[in-house]
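These notes concern the structure reproduced below.
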Amino acid sequence: MGKVTVADFQSRKEQGGRLVMLTAYDYPMARLVEAAGVDAVLVGDSLGMVVLGYDSTAPVTMEEMIHHAKAARRGVERAMFIGDMPFLSLRGSVQDAVRNASRFVQEAGCEAVKVEWKTGIEDIAKAVVDAGIPVMGHVGLTPQTAAAEGGYGVRGKDAAAAARIVAQALALQEVGCFSMVLECVPDLLAQEITRQLRIPTIGIGSGPFCDGQVLVTYDLVGLFERFRPKFVKRYADVATTVRDAAVAFAQEVRSGTFPDAAHTTAMAPEEFARLRQELHLP
Ligand code: KIV
C-alpha cells in the first residue's frame, strides 16, 4: 500500500469506504498508530491539553506544534501527515498564516494542515491552498474558540446554528479544502453535511454517517484522565497500566527486590580486586 494522498481521501468518499484518522504528538505514538494502518495522523493542537497540560488549546504556540510534529513525523511513513494550525498561528495577517502553514511543511514534513472555523478563515484557507498546501477544514465545535462561544457542548441543534455550520463547511469546500472535520454536531446534521459536501467529512462526536472518524489517541487509549467527552470510546486503559507499573517499581526499589540478578551486570570479586589495584583504590 502506497502513501495516502488527497486523491485517496476523495476516492474513499466516492467509493464509500471509511477514513480513519488519529492524533499523535511524538515518535512512539506516531509509530504505533501508523502500524495500526490509519489513513491519516494528525498532530492536533489537542497537544496543548493532553500532553502540555494547558486548560485549553488556545495557548499552544507554533514552536510547540513544530517541535512535536517533527518528532511524530519520524514515526509516520504511509499515513497522510497533517499539522493542526494553532489559534496563535492564525491571529496575524493572511501572509503570516501562510508562512505558518509553510513551516509545518518545510520544518516538520507535514503533507497538509488543518484549520478550525473562525471569522475570516476562508481567506486564510484559500491563500494556503493557493500556496500549494492541502487544507483540511474543521467546523461544528471548534475548541480554539469554544470558550468564547459558550463552552464545549454540541453545536448545530437549532435551525440557525445548523444553517451556520452547513454554510461554513460549504465555504471552506469552496476555497479548496480537501476534507472537513465535523466536531460535535448531531448525527443527522452530520449526515446532511456529508451529503452536501463533495469532499469527505471526518467526524468526532458527530455520529456514524460521516465519511470517516477521528479521535484523540490519548482519549482512545485511556491516557488522558482529566475529563472524558461523552463521544469518546476507550479501547484501552493505558493510564492504569502505567500507574500500576510505577507503583510496582517503587515497591520493588523500596523493598530491595529491584534490581535483581537478571537486571544486573555482576562482576566476580577477584576481577573487581584486580580493578581496584589498577585504579589504586584504597
Ligand atoms: O486537536 C485535535 O486533536 C483535533 C481533532 C480532535 C480533530 O482537532
Side-chain angles (χ1 to χ4, degrees), residues 9 18-26 29-30 33 38-62 64-69 71-72 76 79-90 100-101 104 108 110 112-118 121 125 134-147 149 152-155 165 168-169 172 177-185 190 193 199-207 210-221 223-224 226-235:
F9 263 55
R18 295 265 164 87
L19 289 158
V20 179
M21 180 161 83
L22 280 173
T23 63
Y25 322 100
D26 60 24
M29 197 63 97
V33 298
V38 300
D39 300 300
V41 173
L42 172 70
V43 185
D45 68 349
S46 50
L47 163 79
M49 296 180 81
V50 303
V51 171
L52 302 179
Y54 297 146
D55 288 334
S56 77
T57 57
V60 177
T61 64
M62 267 309 286
E64 288 164 338
M65 290 301 297
I66 295 286
H67 175 77
H68 284 269
V76 176
M80 186 186 294
F81 188 62
I82 305 171
D84 199 6
M85 296 201 60
F87 180 65
L88 294 173
S89 73
L90 301 167
N100 285 325
F104 272 113
C110 291
V113 296
K114 177 169 83 61
V115 294
E116 288 187 15
W117 177 267
K118 66 171 191 124
I121 197 69
V135 178
M136 174 181 275
H138 182 158
V139 299
L141 171 62
T142 45
Q144 291 171 5
T145 46
E149 289 162 1
Y152 288 84
V154 174
R155 299 294 196 265
I165 295 169
Q168 292 165 359
L172 284 172
C177 287
F178 75 96
S179 59
M180 191 71 52
V181 169
L182 304 181
E183 180 159 355
C184 286
V185 302
I193 296 171
I199 57 176
T201 58
I202 304 193
I204 172 162
S206 297
C210 300
D211 298 306
Q213 297 290 327
V214 56
L215 280 179
V216 169
T217 304
Y218 276 48
D219 288 334
L220 171 101
V221 302
L223 195 48
F224 180 67
R226 205 157 87 200
F227 60 85
R228 185 189 335 185
K230 173 174 174 270
F231 57 79
V232 166
K233 179 169 177 187
R234 274 203 181 149
Y235 290 79

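One-based numbering, in listed order, for ligands and for the atoms of each.
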How does [X] reach ligand 1, if at all, at less than 4.0 Å between non-hydrogen atoms: by side chain, backbone, both, or neither?
X	result
D84	side chain
E116	neither
K114	side chain

Shortest non-hydrogen contact from [X] to [Y]?
X	Y	answer
H138	E183	NE2-OE1, 2.9 Å
V33	A24	CG2-CB, 4.4 Å
A72	V43	CB-CG2, 4.2 Å
A112	M80	CB-SD, 4.2 Å
C110	G83	SG-N, 3.6 Å

Donor-acceptor pair between Y25 and S46 side chains, under 3.5 angstrom =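 Looking only at side-chain atoms, S46 and Y25 do form a donor-acceptor pair, the distance falling under 3.5 Å.
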
Is the closest N or O pair between [X] and ligand 1 shorter than 3.5 Å?
X	answer
S46	yes
D45	yes
E183	no

Report, in ascending order of atom number, the atoms of ligand 1 lying under 4.0 Å from any heavy atom of [X].
X	answer
G44	1 (O), 2 (C), 3 (O)
H138	8 (O)
I204	6 (C)
T23	3 (O)

request  = Rounded to the nearest 0.5 Å, what's the gap from NE2 on H68 to OG1 on T23? Could you check?
outcome  =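 H68 atom NE2 to T23 atom OG1 measures 12.5 Å (nearest 0.5 Å).
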
key: Nearest neighbour in protein (non-hydrogen) for atom 5 (C) of ligand 1   =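 Heavy-atom neighbour on the protein nearest atom 5 (C) of ligand 1: L42 CD2, 3.7 Å.
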
query = Does some side-chain heavy atom of Q213 sit less than 4.5 Å from a side-chain heavy atom of R18?
reply =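 R18 does not reach Q213 side chain to side chain.
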
